[in-house]
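Each chain gets a letter, A, B and so on, in the order its sequence line appears, and its residues count up from 1. Note that these values count all heavy atoms, side chains included, but never hydrogens, waters or copies made by symmetry. All figures in this text were calculated on a predicted structure; none of them were measured in a lab.
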Number of protein chains: 2
Amino acid sequence: MESKKAIEALAALAHEGRLAAFRLLVRAGDEGLPAGELARLLACPANTLSTNLGILSRAGLVTSHREGRSIVYGANYDGMSKLVTFLTKDCCEGRARVCEPVDVVALSL
Amino acid sequence: MESKKAIEALAALAHEGRLAAFRLLVRAGDEGLPAGELARLLACPANTLSTNLGILSRAGLVTSHREGRSIVYGANYDGMSKLVTFLTKDCCEGRARVCEPVDVVALSL
DNA sequence: TCGATATTTCCAGAAATATGGAATCAAAGA
DNA sequence: TCTTTGATTCCATATTTCTGGAAATATCGA
């Protein structure tokens, strides 16, 4: 991941409403959630949320597909994984001090 | 790490100049780099860089201490590690899809 | 085709962030 | 103490981002 893309992803997540939306999508699992449902859960106007989902989508952090009248969003783990790899490997040169805590998490699964 | 702090760290890194500064500090190792040297390397006005180092510092991503007339900055791996843990564990609930690529990096060291 | 529902796009004002010149502060040396 | 050097703070301007009303688009069912 080149740094331009990483910055886009970092900026996308550096926003309370967008971070909350992403976390809800993670909890929703593979079925995802339609935009309207997400707006209701977040108590956020539909158009504002739509803008924010667009930002997350362009950053590669969420996916979407139409289902009838709804557009269903889902967390894109691949995008998040690339960002985490960028931070640990490209950015911190893979130093154990940054990677170790992640190891513990990963091994405990 | 609570999300307020995570957002602060994400926003701090979501900036070309600040990300570049952080990476230089990683490469500089434990001795760190004085602000002026960093400004020279980044071809950035001293006051602009100072503002940005302040943002990184408040976000817990760099440390600093005075050495004579200079103020020496260093990467704070603990802060970065907390951010990475937030993204993988708190944010993605420790899903292997996000953690695995990091594992590979960590194990290859 | 019409109306209802779901979502996005357009747009403009408000708010936050970025930038760098000038002034200020801190340390060192003469 | 005065000057020089290194860095930060102050401040005004420029730019970007955020927000949500209104309008537009898409789909479905009658």
Side-chain angles (χ1 to χ4, degrees), chain A residues 3-25 28 31-76, chain B residues 3-25 28 31-76:
Chain A
S3 74
K4 264 281 175 52
K5 254 295 174 191
I7 286 171
E8 190 178 7
L10 290 165
L13 291 174
H15 178 284
E16 192 174 351
R18 289 193 295 263
L19 185 59
F22 181 83
R23 293 176 94 167
L24 273 182
L25 291 176
E31 312 97 85
L33 282 175
E37 176 76 358
L38 214 40
R40 199 181 55 71
L41 291 169
L42 293 167
C44 173
N47 59 351
T48 299
L49 179 66
S50 179
T51 298
N52 284 329
L53 287 172
I55 289 168
L56 286 168
S57 178
R58 251 169 278 123
L61 294 167
V62 301
T63 58
S64 65
H65 66 276
R66 183 176 280 277
E67 268 183 35
R69 270 179 281 216
S70 298
I71 295 187
V72 176
Y73 283 86
N76 185 354
Chain B
S3 74
K4 263 281 175 52
K5 254 296 175 194
I7 286 172
E8 190 177 7
L10 290 165
L13 291 173
H15 178 284
E16 193 174 352
R18 288 194 295 263
L19 184 59
F22 180 83
R23 294 176 94 167
L24 272 182
L25 291 177
E31 311 97 85
L33 283 175
E37 176 76 357
L38 214 39
R40 199 181 54 71
L41 291 170
L42 294 166
C44 175
N47 58 352
T48 299
L49 180 66
S50 178
T51 299
N52 284 328
L53 287 172
I55 289 168
L56 285 168
S57 178
R58 252 168 278 125
L61 294 165
V62 302
T63 58
S64 66
H65 66 276
R66 183 176 280 279
E67 268 181 36
R69 271 180 282 217
S70 298
I71 294 187
V72 176
Y73 283 86
N76 184 355

Just verifying a value: how many Å separate B/Leu38 CG and B/Phe22 CZ, rounded to the nearest 0.5 Å?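 That separation rounds to 12.0 Å.
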Calculate, to the nearest 0.5 Å, the distance between atoms CG and CG belonging to A/Leu53 and A/Leu61 respectively.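 Spacing of CG (A/Leu53) from CG (A/Leu61) equals 11.5 Å.
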Contact summary for B/Leu49 and B/Ala21, nearest pair of heavy atoms: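 Smallest interatomic distance, heavy atoms only, reads CD1-CB, 4.4 Å.
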For residues A/Ala20 and A/Leu42, report the shortest heavy-atom separation together with the two atoms involved.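 Here A/Ala20 and A/Leu42 meet closest at CB-CD2, 3.8 Å.
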For residues 3-13 of chain A, tabulate all N or O donor-acceptor pairs below 3.5 Å that involve a side-chain atom, not counting sequence neighbours.
from: A/Lys5; atom 1: NZ; to: A/Glu8; atom 2: OE1; distance (Å): 3.2
from: A/Lys5; atom 1: NZ; to: A/Arg58; atom 2: O; distance (Å): 2.7

In terms of the nearest nucleotide of DNA chain D, which residue is placed more toward the 5' end: A/His15 or B/Glu37?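 Nearest-nucleotide comparison on DNA chain D picks B/Glu37.
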Can you name the residues that form a salt bridge (charged side-chain N to carboxylate O under 4.0 Å, His left out) with A/Glu37, not counting sequence neighbours?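 Only A/Arg40 meet the salt bridge (charged side-chain N to carboxylate O under 4.0 Å, His left out) criterion with A/Glu37.
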Expected output is a numbered-order residue list: members of residues 42-60 of chain B with a heavy atom under 4.0 Å from any atom of DNA chain D. What is it?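 Result for residues 42-60 of chain B: B/Ala46, B/Asn47, B/Ser50, sorted by number.
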Side chain to side chain donor-acceptor pair (under 3.5 Å): which pairs involve residues 9-25 of chain A, sequence neighbours left out?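 The answer is A/Arg18-A/Asn52.
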Where does the chain A footprint on DNA chain D start and end, counting 5' to 3' with a 4.0 Å heavy-atom cut-off?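 That gives a stretch of D/dC18 to D/dC28.
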DNA chain C-proximal residues of residues 65-75 of chain A, any heavy atom under 4.0 Å: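 Residues of residues 65-75 of chain A under 4.0 Å from DNA chain C: A/Arg69, A/Ser70, A/Ile71, A/Tyr73.
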I'd like to check the side chain to side chain contact (heavy atoms under 4.5 Å, CB included) partners of [X]; sequence neighbours left out, ordered by chain and number.
| X | result |
| --- | --- |
| B/Ile71 | B/Ser64, B/Arg66, B/Tyr73 |
| A/Ser50 | none |
| A/Asn47 | A/Pro45 |

Report which part of the nucleic acid B/Arg18 touches: base, sugar-phosphate, or nothing (heavy-atom distance under 4.0 Å, all strands).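 Counting heavy atoms under 4.0 Å across all strands, the contact made by B/Arg18 is with sugar-phosphate only.
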